[in-house]
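One structure is given below, encoded as structure tokens.
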There are 2 protein chains.
Amino acid sequence: MNIGDVATHTGLPAKTIRYYEEIGLITPQRELNGYRRFREQDLHKLNFLGRARALGFTIEDCRTLLALYEDETRASADVKRIARGHLAQIEAKIADLNAMRDTLSHLIDACAGDDRPDCPILQGLGGED
Amino acid sequence: MNIGDVATHTGLPAKTIRYYEEIGLITPQRELNGYRRFREQDLHKLNFLGRARALGFTIEDCRTLLALYEDETRASADVKRIARGHLAQIEAKIADLNAMRDTLSHLIDACAGDDRPDCPILQGLGGED
DNA sequence: CCTTGACCTTCCCGTGACTGGAACCCCTAT
DNA sequence: ATAGGGGTTCCAGTCACGGGAAGGTCAAGG
């Protein structure tokens with residue numbers, strides 16, 4: 001299977017697949033003409049990576065998770081620890097964004113949004129409360 | 001006022017302040033020895049920028065907002081439009097993160113987290129449902 | 001007068017996870 | 001022979017800074 005077909009099947013851009021090879025997440029074989037040859041296990045790994053990335057895991061987390069995935073003697077506790085760490089980061093980010101949203105939507109609500117210059121949004125940003 | 005004092009007063013790192021000058025957000029004067037000299041208006045702008053960045057506005061949004069802030073003849077509608085666009089992005093990101101959190105926390109809940117290899121998290125990432 | 005240490009300056013590289021583009025090779029069909 | 005649609009490598013750019021090197025400036029102390 002060539003990279004274009006793999007991109008179609010996995011939903012990952014060819015550029016991303018090449019990048020994953022470059023950083024050592026996958027190691028597809030090569031044809032005589034230099035083309036990458038992807039096999040079933042490569043597709044499997046790429047799908048794994050796509051799902052992990054979609055859940056927001058970093059590349060380094062993905063690398064670790066992939067190693068655990070391949071390791072039949074892993075302890076599920078190791079996986080769970082990584083996942084919980086990531087979940088905590090997600091929740092922290094959600095909290096940050098919620099705070100931004102609240103502040104911003106209050107400012108927006110207070111703003112007339114017409115052609116006059118008076119603007120509570122700018123006042124808020126300027127430090128005038 | 002030198003950059004160190006400004007950093008203390010605004011809470012922005014000196015590196016960030018220099019960067020803001022480099023990209024033209026502020027234009028502090030210079031002393032004879034080459035040191036930046038910050039005046040009241042520079043501090044004001046930097047505080048504005050700090051608040052806008054804390055609300056997650058991009059640098060380019062900040063540039064526009066700052067221009068509107070300085071423009072006494074602005075229409076508040078222009079400000080409101082930018083703010084609403086940004087709010088929409090924040091809300092989209094929150095929705096994404098909520099979806100990630102839900103999926104991830106379900107997987108985590110299903111995982112024993114002990115020393116055995118069975119792991120619903122890895123199964124989920126591997127595509128086995 | 002010299003040194004020490006805390007400032008300040010510019011410049012360049014690195015971050016994360018790709019994305020875009022250039023220049024070039026390979027294969028098939030016409 | 002050529003046209004096109006693959007593929008390849010390599011380089012540069014993204015965003016908003018942060019780290020660190022190499023060196024200039026200034027006030028205080030010995």
Side-chain angles (χ1 to χ4, degrees), chain A residues 1-39 42 45-46 48-66 82 85-86 89-90 92-93 96-97 100, chain B residues 1-39 42 45-46 48-66 85-86 89-90 93 96-97 100:
Chain A
M1 223 174 180
N2 282 347
I3 200 168
D5 302 319
V6 177
T8 304
H9 274 79
T10 61
L12 298 172
K15 278 275 191 186
T16 298
I17 297 170
R18 291 196 193 96
Y19 174 66
Y20 287 171
E21 183 191 17
E22 187 188 331
I23 63 175
L25 288 179
I26 53 170
T27 50
Q29 297 186 309
R30 295 286 179 144
E31 309 274 3
L32 290 178
N33 59 16
Y35 287 18
R36 287 167 183 82
R37 185 159 67 95
F38 294 87
R39 295 187 299 174
D42 297 314
K45 278 193 187 185
L46 286 169
F48 183 98
L49 290 169
R51 290 196 196 89
R53 292 287 302 130
L55 285 181
F57 284 102
T58 66
I59 288 287
E60 286 316 305
D61 276 347
C62 289
R63 193 188 300 279
T64 307
L65 289 172
L66 203 49
I82 294 171
H86 180 46
Q89 292 197 359
I90 287 176
K93 185 155 271 180
D96 282 355
L97 288 172
M100 288 183 198
Chain B
M1 223 178 181
N2 282 348
I3 200 168
D5 302 318
V6 176
T8 305
H9 275 79
T10 62
L12 297 172
K15 278 276 190 186
T16 298
I17 297 170
R18 292 195 193 97
Y19 174 65
Y20 287 171
E21 182 192 17
E22 188 189 330
I23 63 174
L25 287 179
I26 54 170
T27 50
Q29 297 186 310
R30 295 287 177 143
E31 309 275 3
L32 289 178
N33 59 15
Y35 286 18
R36 288 170 183 80
R37 185 160 66 96
F38 295 88
R39 296 186 299 175
D42 297 314
K45 278 193 187 187
L46 286 169
F48 183 98
L49 289 168
R51 290 195 197 90
R53 292 288 301 131
L55 285 180
F57 285 102
T58 66
I59 288 287
E60 286 316 305
D61 276 348
C62 289
R63 193 188 299 279
T64 308
L65 289 171
L66 202 49
H86 180 46
Q89 292 198 1
I90 288 176
K93 185 153 268 181
D96 282 355
L97 288 172
M100 289 183 198

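Order of the sequence lines fixes the chain letters, A, B, ..., with proteins taken first and strands second; residue numbering starts at 1 for each chain. Just the heavy atoms: all of them, side chains too, but no hydrogens, waters or symmetry mates, feed the values below.
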>> On a heavy-atom basis, which atom in B/Phe38 and which in B/Ile26 lie closest, and how many Å separate them?
In response: CE2-CD1, 4.1 Å
>> Rounding to 10°, can you tell me the angle the first-five-pair axis of the helix from C/dC1-D/dG30 to C/dT30-D/dA1 makes with its last-five-pair axis?
In response: 40°
>> Can you list everything that forms a side-chain contact (heavy atoms from CB on, under 4.5 Å) with A/Thr16? Sequence neighbours excluded, please.
In response: A/Pro13, A/Tyr20
> Can you list every salt bridge (charged side-chain N to carboxylate O under 4.0 Å, His left out) pair that touches residues 15-26 of chain B, not counting sequence neighbours?
Replying inline: B/Glu21-B/Arg30, B/Glu21-B/Arg36
> In whole Å, what is the span from the CG atom of A/Leu12 to the P atom of C/dT19?
Replying inline: 10 Å
>> Output the rounded distance in Å from CG (B/Leu32) to C1' (C/dC8).
In response: 15 Å
> Which parts of nucleotides 2-7 of chain C does protein reach within less than 4.0 Å, heavy atoms only, written one letter per nucleotide 5' to 3' as B for base, S for sugar-phosphate only and - for none?
Replying inline: -----B
> Which atom names give the shortest non-hydrogen contact between A/Ala14 and A/Ala7, and what distance separates them?
Replying inline: N-CB, 4.0 Å
>> So which atom in B/Leu25 and which in B/Leu66 form the shortest heavy-atom distance, rounded to 0.1 Å?
In response: O-CD2, 3.7 Å
> For A/Glu21 and D/dG7, what is the distance between atoms CD and C1' respectively, to the nearest whole Å?
Replying inline: 13 Å
> If you look at every strand shown and take non-hydrogen atoms under 4.0 Å, does B/Arg18 touch a base, only sugar-phosphate, or nothing?
Replying inline: base
> In chain order, what residues pass the side-chain contact (heavy atoms from CB on, under 4.5 Å) check against B/Thr27, with sequence neighbours excluded?
Replying inline: none
>> From CG of A/Leu49 over to C1' of C/dG16, roughly how many Å is that when rounded to an integer?
In response: 15 Å
>> Can you list everything that forms a ring pair (Phe, Tyr, Trp, His ring centres under 6.0 Å) with B/Phe57? Sequence neighbours excluded, please.
In response: B/His86
>> Going by side-chain contact (heavy atoms from CB on, under 4.5 Å), name the residues that satisfy it together with A/Asp5, two or more places apart in sequence or in a different chain.
In response: A/Met1, A/Asn2
> Is the distance from OP1 or OP2 of C/dT10 to the nearest side-chain N or O of B/Arg36 less than 4.0 Å?
Replying inline: yes
> Roughly, in whole Å, what's the span from CG in A/Asp5 to P in D/dG5?
Replying inline: 16 Å
> Taking CD1 from A/Ile17 and C1' from C/dT19, how many angstroms apart are they, rounded to a whole number?
Replying inline: 14 Å
> Taking only residues at least two apart or on different chains, which pairs with a member in residues 51-62 of chain A satisfy side-chain hydrogen bond (donor to acceptor under 3.5 Å, both in side chains)?
Replying inline: A/Glu60-A/Arg63
>> Here's a test of your reading of the structure: between A/Arg30 and B/Asn33, which maps to the more 5' nucleotide of DNA chain D?
In response: A/Arg30
> In whole Å, what is the span from the CD atom of A/Glu31 to the P atom of C/dC27?
Replying inline: 10 Å
Enumerate the protein-to-nucleotides 10-16 of chain D contacts in which both atoms are nitrogen or oxygen and the separation is below 3.5 Å.
unit_1, atom_1, unit_2, atom_2, d
D/dA16, OP1, B/Ile59, N, 3.3

> With a 4.5 Å heavy-atom cut-off, do B/Ile17 and B/Asp42 have their side chains touching?
Replying inline: no
> Closest heavy-atom contact between A/Leu12 and A/Gly50?
Replying inline: CD2-CA, 4.2 Å
